[in-house]
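Let me begin by presenting the structure, written as structure tokens, before commenting on it.
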Amino acid sequence: MLQLNVLREQTDLVVAGLNKKNYKNAAQEVAAIVELDQQRRQIQSTHDELQARANAISKEIGILMKSGDREKAEASKAETSELKQQTKSLADQLSAIEEQIQQALYKLPNLPHTSVPEGRTAEDNEVVLQHGEIPQLHEGAQPHWELIQKYDIIDFELGNKISGAGFPVYKKQGARLQRALINFFLDEAMKAGYMEVQPPILVNEASGYGTGQLPDKDGQMYHAKEDNLYLIPTAEVPITNIYRDVIVPVEQLPIKNAGHTPCFRREAGSWGADVRGLNRLHQFDKVEIVQITLPEKSYEALEEMSSYIQGLLQKLELPYRVLRLCGGDMGFTSALTYDMEVYSTAQNRWLEVSSASNFETYQSNRLKLRYKTESGKTQLLHTLNGSALALPRIVAAILENNQTPDGINMPKVLHPYLGFEKIG
RNA sequence: AGAGAGUUGGCGGAGUGGUCGAACGCGGCGGUCUUGAAAACCGUUGACUGUAACAGGUCCGGGGGUUCGAAUCCCUCACUCUCUGCCA
């Protein structure tokens with residue numbers, strides 16, 4: 001959530017930022033909020049004045065009662081009753097206005113960093129770099145949804161039977177590959193200084209609001225209504241919410257956490273072409289890295305996360321490219337996002353396997369995640385996260401890019417985790 | 001799922017209608033003492049809002065009510081704990 005004082009003091013900057021994100025009616029909406037805030041503060045100060053008087057009188061009554069001066073006390077009581085009426089009415093106005101402001105603020109996305117390119121769709125994303133050779137496959141090479149059947153390692157039919165579309169069953173070497181990747185990713189994260197956590201995968205409403213999935217993405221999460229809990233779409237939610245309502249001691253910064261969880265996404269409305277096989281699922285596994293840093297260190301941290309993720313892709317010997325997302329393609333809560341895409345040779349397309357973002361204070365403002373400056377002021381920290389990595393598309397790319405007529409070669413780094421070097 | 005108890009500042013824990021933003025202890029910070037440290041002693045120590053700075057206002061799980069006045073009384077919701085039941 002954007003900070004009110006930023007809207008108030010840097011209105012033009014905010015409007016420009018929202019425009020870059022293709023947010024409609026930015027100027028009007030921001031002006032409306034600033035106007036509401038103006039009203040709010042005016043009412044507030046009148047309210048506070050009246051309240052102060054009432055408080056003072058009440059205190060006097062207390063003293064009069066003790067000293068036994070009943071008559072004077074009664075007189076003072078009458079005096080406060082009118083004050084009370086007025087204060088009540090002002091307080092009602094205040095809470096109505098505050099609610100309006102809150103709702104309006106929830107609707108505003110984060111402002112993009114200055115380096116974010118202009119643009120509306122994925123076409124406008126900027127390719128920052130590309131790495132690795134795109135392999136030449138043999139005649140008759142297949143996409144992964146055929147390979148998994150051929151080697152019987154992932155079964156969508158079984159998943160359909162048990163749950164429905166988008167819930168595959170991993171079997172044999174396929175299951176082993178999942179486990180190997182998870183362990184490999186977690187081990188790498190530990191080596192890079194991340195603390196491993198294993199959070200809950202159902203979260204309450206407050207957590208959903210904390211990281212910004214609510215109210216923005218309400219319909220995209222599975223919701224256990226009976227208990228009002230949400231299945232997490234990413235480990236970002238529970239891990240970042242560990243630090244909700246926390247004032248972090250400066251010496252503990254930066255906080256670096258990593259965790260593996262299943263992720264659940266309803267993907268309502270986004271089913272269609274290009275979602276065959278592992279490309280888009282309702283349930284998948286992911287290792288997520290989360291950082292919490294001082295404001296002045298967050299972009300440095302984002303670069304560090306980006307190169308860490310690239311390192312993983314290099315170790316897995318996958319050809320990839322890094323995109324800097326344009327204003328229109330970025331997530332709601334992000335200030336700058338790098339997407340990592342792996343080339344799927346058999347599908348002839350780039351697959352997004354990771355997304356690393358800096359949220360600056362957008363999440364921490366909701367989370368009330370702060371630190372104390374040297375001068376003793378409490379200030380918002382910056383939050384960041386990235387996938388490191390999401391499994392399904394990595395699996396798809398490994399299967400497709402490493403296929404040979406007589407089996408699929410596994411990347412060397414995974415051999416010790418897998419206990420085999422080849423599928424088939 | 002049933003019954004009961006509870007939710008107070010970084011932590012523990014007082015406080016059942018008035019001067020309580022909240023005793024006391026621990027922890028933290030500053031100081032005295034010390035070559036240094038420990039101990040002891042003294043002082044200090046919540047957040048939000050607001051202001052040029054003061055002042056002022058709000059916050060004792062959330063919301064509502066009673067009252068001139070609520071941490072304290074009432075209603076309601078949420079959560080936690082204990083016992084019983086069930087269960088990996």
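In this text the structure is predicted, and so the values were computed from the model without any measurement. Residue numbers begin at 1 in each chain, while the letters A, B, ... track the order of the sequences.
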Inset, instruction - State whether the number of non-hydrogen atoms from other residues, nucleotides or ligands found under 6.0 Å of A:Gln198 atom CD is greater than 12. - result: no
Legend entry - Ion pair A:Asp92/A:Lys88, N-O distance below 4.0 Å: yes
What's [X] touching, base or sugar-phosphate or nothing? Going by heavy atoms closer than 4.0 Å.
| X | value |
| --- | --- |
| A:Arg53 | nothing |
| A:Lys377 | nothing |
| A:Ile57 | nothing |
| A:Ser45 | nothing |
| A:Ser58 | base |

Inset, instruction - Please name the pair of heavy atoms, one in A:Leu399 and one in A:Ile423, separated by the smallest distance, quoted to 0.1 Å. - result: CD2-CD1, 4.1 Å
Inset, instruction - Determine: side-chain N/O of A:Arg40 to OP1/OP2 of B:G50, distance under 4.0 Å, yes or no. - result: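 Result: yes.
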Inset, instruction - Output yes when at least one side-chain N/O atom of A:Asn55 is less than 4.0 Å from OP1 or OP2 of B:U58, else no. - result: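 Checking A:Asn55 against B:U58: at least one side-chain N or O falls below 4.0 Å of OP1 or OP2.
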Inset, instruction - Check A:Tyr362, A:Tyr338, A:Tyr299 against A:His113 for a ring-ring contact (aromatic ring centres under 6.0 Å, His included) and give me the one that passes. - result: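 Exactly one pass, corresponding to A:Tyr299.
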Of the listed nucleotides [options], the one nearest the side chain of [X]:
| X | options | value |
| --- | --- | --- |
| A:Gln51 | B:C68, B:G50, B:G57 | B:G57 |
| A:Thr378 | B:G50, B:C48, B:C68 | B:C48 |
| A:Ile61 | B:G18, B:U19, B:U67 | B:G18 |

Could you go through residues 8-16 of chain A and list every donor-acceptor pair under 3.5 Å that involves a side-chain atom there, pairing it with any protein atom two or more places apart or in another chain?
unit_1: A:Arg8; atom_1: NH1; unit_2: A:Asp37; atom_2: OD2; d: 2.7
unit_1: A:Thr11; atom_1: OG1; unit_2: A:Leu7; atom_2: O; d: 2.7
unit_1: A:Thr11; atom_1: OG1; unit_2: A:Arg8; atom_2: O; d: 3.4

Legend entry - Under 3.5 Å donor-acceptor pair, A:Asp48 side-chain atoms to B:G57 base atoms: no
Inset, instruction - Treating a pair as Watson-Crick (purine N1 to pyrimidine N3 plus N6-O4 or O6-N4) or G-U wobble (N1-O2 and O6-N3) with both distances under 3.5 Å, list the stems of 3 or more consecutive pairs that involve RNA chain B. - result: B:1-7 with B:78-84, B:10-12 with B:24-26, B:27-32 with B:40-45, B:46-49 with B:56-59, B:61-65 with B:73-77
Inset, instruction - Would you please classify the geometry between the A:Tyr106 ring and the A:Tyr209 ring as parallel, tilted or perpendicular, with 30° and 60° separating the classes? - result: tilted
